[in-house]
Amino acid sequence: MEQFEKEKVELQKGVDECRKKLSECQKKMKEVALKEGTDAQKLQSDIEQLKKEEKTWKRKEDDLRKKEKNMPWNVDTLSKEGFSKSVFNVKPENKEDTEEQKEQKHKTFVEKNVKQLKHFGMLHRWDDSQKYLSDNPHLVCEETANYLVIWCIDLEVEEKHALMEQVAHQTIVMQFILELAKSLKVDPRACFRQFFTKIKTADQQYMDAFNDELEAFKGRVRERAKVRIEKAMKEYEEEERKKRLGPGGLDPVDVYESLPPELQKCFDTKDIQMLQDTISTMEPTEAKHYMKQCVDSGLWVPNAQVGGSEGNGTEVEGQDGEPVYEEAKKDNRETS
């Protein structure tokens, strides 16, 4: 930084000296404008040369400005006259919190500031964001960034895509401030104004970096939302499957799909005679296997009182004449 300031001083000195000489030559040129001779020609030559030098100094001045814009942020580049470096309070080395402590800290912070967090997430303009953080400096912290990330994923899951992109912008704003604070080793509240000063006057290269990070973040949010939706669907399907399980712990859907086509047709048509005829053509062992699966899955219920007053079902026998199963009662779940 010291070397850079030295270059600026030397450059300014060179520019001033060149302009002074040019001004003097132009003044003398006016004095001899009506005269002929070598003096006028020499002055004209000097003026042309000084104009070339002035252009050269101008290019150097532009290069130096570009160099200053692209310099990495640190305490020296951010501190200007009238703004003491001492305002940056270096964070003490604190012991790392446990995951449980972090979770509780985040929960407490959100419960206390949820309205303010949502308000910040909905802001659009740089000036509005800066003013709101100036009025609410306690929001400039890791917990705010974490809340905004979770909110973005929630919005994407709810298919509120435009709103997600808005909140994503504010999330990256907060993350850039936190990264700046980390690089300077200061409290984020001490440098968020410098971030907004930088971003509002940034060149195209810096804005491209900000926008690239924003697009990458939105992509990560969409992926996380997709994973969350898939997980929720799997959990729902598993719950539904457990509800369907029969007395033997089998899923009637899985059992139905494992049956031979001719048995599936019997279930589809609910034709008991067709089912009895189909069973009679099978090997006894095979028929018992399929019928046991039907019973264990709840597709069919054994008749415990065959021939009794409550024996309303229809009994199906295998080739050896042994009862295999009975039609399930109507209140049992049927496979369509």
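In this structure, Lys55 places its NZ atom where only 12 or fewer heavy-atom neighbours from other residues, nucleotides or ligands lie under 6.0 Å away. Crowding of Glu159 atom CD: a count of heavy atoms from other residues, nucleotides or ligands under 6.0 Å not exceeding 12. No more than 12 heavy-atom neighbours from other residues, nucleotides or ligands sit within 6.0 angstrom of NZ on Lys105. Heavy-atom neighbours of Glu100 CD from other residues, nucleotides or ligands within 6.0 Å: at or below the threshold of 12. In this structure, Glu213 places its CD atom where more than 12 heavy-atom neighbours from other residues, nucleotides or ligands lie under 6.0 Å away. Applying the 6.0 Å contact sphere to CZ of Arg189 captures no more than 12 heavy atoms from other residues, nucleotides or ligands.
Using cut-offs of 30° and 60° for the angle between ring planes, the Phe196 and Phe192 rings count as perpendicular. In this structure, Trp126 and His169 have tilted ring planes: the angle between them lies in the 30° to 60° band.
In terms of heavy atoms, Leu178 sits closest to Ala145 at CD1-CB, 3.8 Å. Minimum heavy-atom separation, Ala225 to Glu156: CB-CG, 3.5 Å. Between Ala181 and Pro188, the closest heavy-atom pair is CB-CA, 3.6 Å.
The existence of a salt bridge linking Asp127 and Lys200 is confirmed by a sub-4.0 Å separation between a basic side-chain nitrogen and an acidic carboxylate oxygen. We find that Glu215 and Lys218 are joined by a salt bridge, their nearest charged nitrogen and carboxylate oxygen being less than 4.0 Å apart. The pair Arg224-Asp154 does not count as a salt bridge, with every side-chain nitrogen at least 4.0 angstrom from each carboxylate oxygen. In summary, Glu179 and Lys182 engage in a salt bridge, as defined by a charged side-chain N under 4.0 Å from a carboxylate O.
Gln116 contributes no side-chain N or O that, together with a main-chain N or O of Asn136, makes up a donor-acceptor pair within less than 3.5 Å. Formation of a donor-acceptor pair under 3.5 Å by the Thr278 side chain with backbone atoms of Met274 is found in this model.
Between the CD atom in Glu286 and the NZ atom in Lys288 there is a gap of 13.0 Å [rounded to 0.5 Å]. Taking NZ from Lys118 and CG from Asn113, the interatomic distance works out to 13.0 Å, rounded to the nearest 0.5 Å. To the nearest 0.5 Å, atom CZ of residue Phe217 and atom SG of residue Cys152 are 4.5 Å apart. Atoms OH and CD, on Tyr132 and Gln170 in that order, are 11.5 Å from each other to the nearest 0.5 Å. In this structure, CG in Leu155 is found 6.5 Å from NZ in Lys160, a value given to the nearest 0.5 Å.
Using a 4.5 Å heavy-atom threshold, the side chains of Gln130 and Phe195 count as separate. Side-chain contact between Asp254 and Ser297: absent, with no pair of heavy atoms (C-beta onward) separated by less than 4.5 Å. Side-chain contact between Phe120 and Leu148 is present, with at least one heavy-atom pair separated by less than 4.5 Å. The closest side-chain heavy-atom distance from Glu143 to His138 is not below 4.5 Å. Residues Thr281 and Asp277 are not in side-chain contact: their nearest non-hydrogen atoms beyond the backbone lie 4.5 Å or more apart. When side chains are defined from C-beta on, Val173 counts as touching Phe210, because their heavy atoms get closer than 4.5 Å. No side-chain heavy atom of Asn146 sits under 4.5 Å from any side-chain heavy atom of Phe109. Looking at heavy atoms from C-beta onward, Asp296 lies in side-chain contact with Lys292 at the 4.5 angstrom threshold.
No path of Ile, Leu, Val, Met, Phe, Trp and Tyr side chains, each step under 4.5 Å between heavy atoms, connects Val227 with Ile153, placing them in separate hydrophobic clusters. If you chain together hydrophobic residues whose side chains sit under 4.5 Å apart, Ile150 and Val157 never meet in one group.
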Do Gln175 and Thr171 pass the side-chain hydrogen bond (donor to acceptor under 3.5 Å, both in side chains) test, and can you show the C-alpha distance, the side-chain angles, and the key distance before you say yes or no? CA-CA 6 Å; Gln175 289 184 351; Thr171 305; over 6 Å; no
Audit row: Asp268, Tyr256, side-chain hydrogen bond (donor to acceptor under 3.5 Å, both in side chains) steps and yes/no: CA-CA 10 Å; Asp268 293 340; Tyr256 173 82; 2.6 Å; yes
